[in-house]
Amino acid sequence: MPELPEVETTIRGLNKKVLGRTFVDVWSGWYKFPQKELKGKKILNVWRRAKNIIFDLSEGYSLLIHQKMTGHLLVGKWKNQNGKWVPAEKGPLNDPYNRFIHLVLFLDNGQILALSDARKFAKVELWKTNELKKEFEKLGPEPLEKGFTFAKLKQRLAGKKGKVKQVIMDQAVIAGVGNIYASEALWEAKIHPEKPVLKLTEQELENLYKAIKKVLELGIKLGGESFSDYRKFDGTKGDFDSERKVYRREGQKCKRCGTKIKRLVVGQRSAFYCPFCQKLK
DNA sequence: AATCGTTCCTGATAGC
DNA sequence: TGCTATCAGGAACGAT
């Protein structure tokens, strides 16, 4: 499930791989955006805002891709076999999670930029660059940028009535935190996922601030998680999986105290936590 | 205005 | 073995 660290890993890789390339053709069996418009446009920059991947293109356009849960971008060579796209060579692109190709962008160097997305939830849109920048103003601050101070976090959380896990996953409050890193950050900060934001102490807020930055930075350093669908642009896995403290570790021992990790549903989403380290009261 | 529930989709998994 | 039912989940959207 691509969150800030996975998206950051992707754009860093893509900037090395596809910068300066021009789209020569487009194929999709699913997407409806004006694909012909992409032809002839050059990739000037690849960047990220929250979990959105943005390709700034020539002529004032930007291609927006949100991978949602199971989408990820891959670069390499494929061939079309009876309507299905399969890697042209042996290697990590043959990983089973890379086989759901619903969008193919042909580059002018013979390589292909492809979107693999098992659940077809990913969003692909063509925007005017200036309009997209306005759209992004609705999002919360980037937690790894300098402007995200402790005071800023407190300001963003002020007056929020919900449970802490739900609130920090709200992209309008803080950009880029999703289900995995929310659970991980709350474990790190020793805060119960259902604790109301209003009841967080000054110390807990400070711990949360540090924890969010810590888990996201570690995620980026390790190239993201790959226990499910996400893969890096070359098809290989990220290395965050072994660093997971709670996410999808229900029934396993807490790495801090040995208590069995529990799962509960908070706002229709799984939350994993240690019942000893993260008490509600 | 803010918050809550529903919806999109299909591979993986569990159950019979 | 093979079929069917259930689950996962980001964020847009509608409802309250």
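Each chain gets a letter, A, B and so on, in the order the sequences are listed, and its residues count up from 1.
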Please tabulate the protein-to-nucleotide N/O contacts below 3.5 Å involving nucleotides 11-14 of chain B, giving atom names and distances.
| residue | atom | partner | partner atom | Å |
| --- | --- | --- | --- | --- |
| B:dG11 | N3 | A:R119 | NH2 | 3.2 |

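- Axis angle between the ends of the helix from B:dA2-C:dT16 to B:dC16-C:dG2, five pairs each and rounded to 10 degrees, works out to 50°.
- A:S270 comes within 4.0 angstrom of the backbone, heavy atoms only, and of no base.
- Ring to ring, A:F276 and A:W187 are not that close: their centroids are 6.0 angstrom or more apart.
- What separates CG of A:L264 from P of C:dG9 is a distance of 13 Å, to the nearest Å.
- By the side-chain hydrogen bond (donor to acceptor under 3.5 Å, both in side chains) test, A:N179 pairs with A:K165, sequence neighbours left out.
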message: Base contacts versus sugar-phosphate-only contacts with protein, heavy atoms under 4.0 Å: please encode nucleotides 10-16 of chain C as B, S and - from 5' to 3'.
response: BBS----

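- For A:K255, the NZ atom sits in a packed shell: over 12 heavy atoms of surrounding residues, nucleotides or ligands are nearer than 6.0 Å.
- Judged as a salt bridge (Lys or Arg N to Asp or Glu O under 4.0 Å), the pairs with a partner in residues 225-237 of chain A (not counting sequence neighbours) are, in order, A:D95-A:R231.
- Nucleotide B:dC9 holds its C1' atom 9 Å from the CG atom of A:D117, rounded to whole Å.
- Residues satisfying the salt bridge (charged side-chain N to carboxylate O under 4.0 Å, His left out) test with A:K84, not counting sequence neighbours, are none.
- Relative ring orientation between A:Y209 and A:F150 is described as tilted, the plane-to-plane angle lying within the 30° to 60° band.
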Check the interface with nucleotides 1-4 of chain B: list each N/O to N/O pair with the protein under 3.5 Å, or write none.
| residue | atom | partner | partner atom | Å |
| --- | --- | --- | --- | --- |
| B:dT3 | OP1 | A:K161 | N | 3.2 |

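- For the pair A:R248 and A:F272, the cation-pi test (distance below 6.0 Å, angle within 45°) is failed.
- Applying the ring pair (Phe, Tyr, Trp, His ring centres under 6.0 Å) rule to A:Y181 yields the partners A:F240; only residues at least two apart in sequence or on another chain are considered.
- Between A:K195 and A:Q278 there is no side-chain heavy-atom pair separated by less than 4.5 Å.
- The shortest distance between the side-chain N/O atoms of A:R263 and the OP1/OP2 oxygens of C:dA8 is below 4.0 Å.
- When the ring pair (Phe, Tyr, Trp, His ring centres under 6.0 Å) test is applied to A:H192, the partners found at least two apart in sequence or on another chain are A:Y273.
- DNA chain C is contacted by A:Y247 of residues 229-249 of chain A, taking any non-hydrogen atom closer than 4.0 Å.
- Between the side chain of A:T70 and the backbone N or O of A:R119, at least one donor-acceptor pair lies under 3.5 Å.
- Put simply, OG1 on A:T9 and CG on A:L222 are 9.0 Å apart, with the number rounded to the nearest 0.5 Å.
- Under the 3.5 Å distance criterion, the side-chain polar atoms of A:E3 are matched with a main-chain donor or acceptor of A:G178.
- Here A:W47 pairs with A:D56 under the side-chain hydrogen bond (donor to acceptor under 3.5 Å, both in side chains) rule; sequence neighbours left out.
- Residues passing the ring pair (Phe, Tyr, Trp, His ring centres under 6.0 Å) test with A:F33, sequence neighbours excluded: none.
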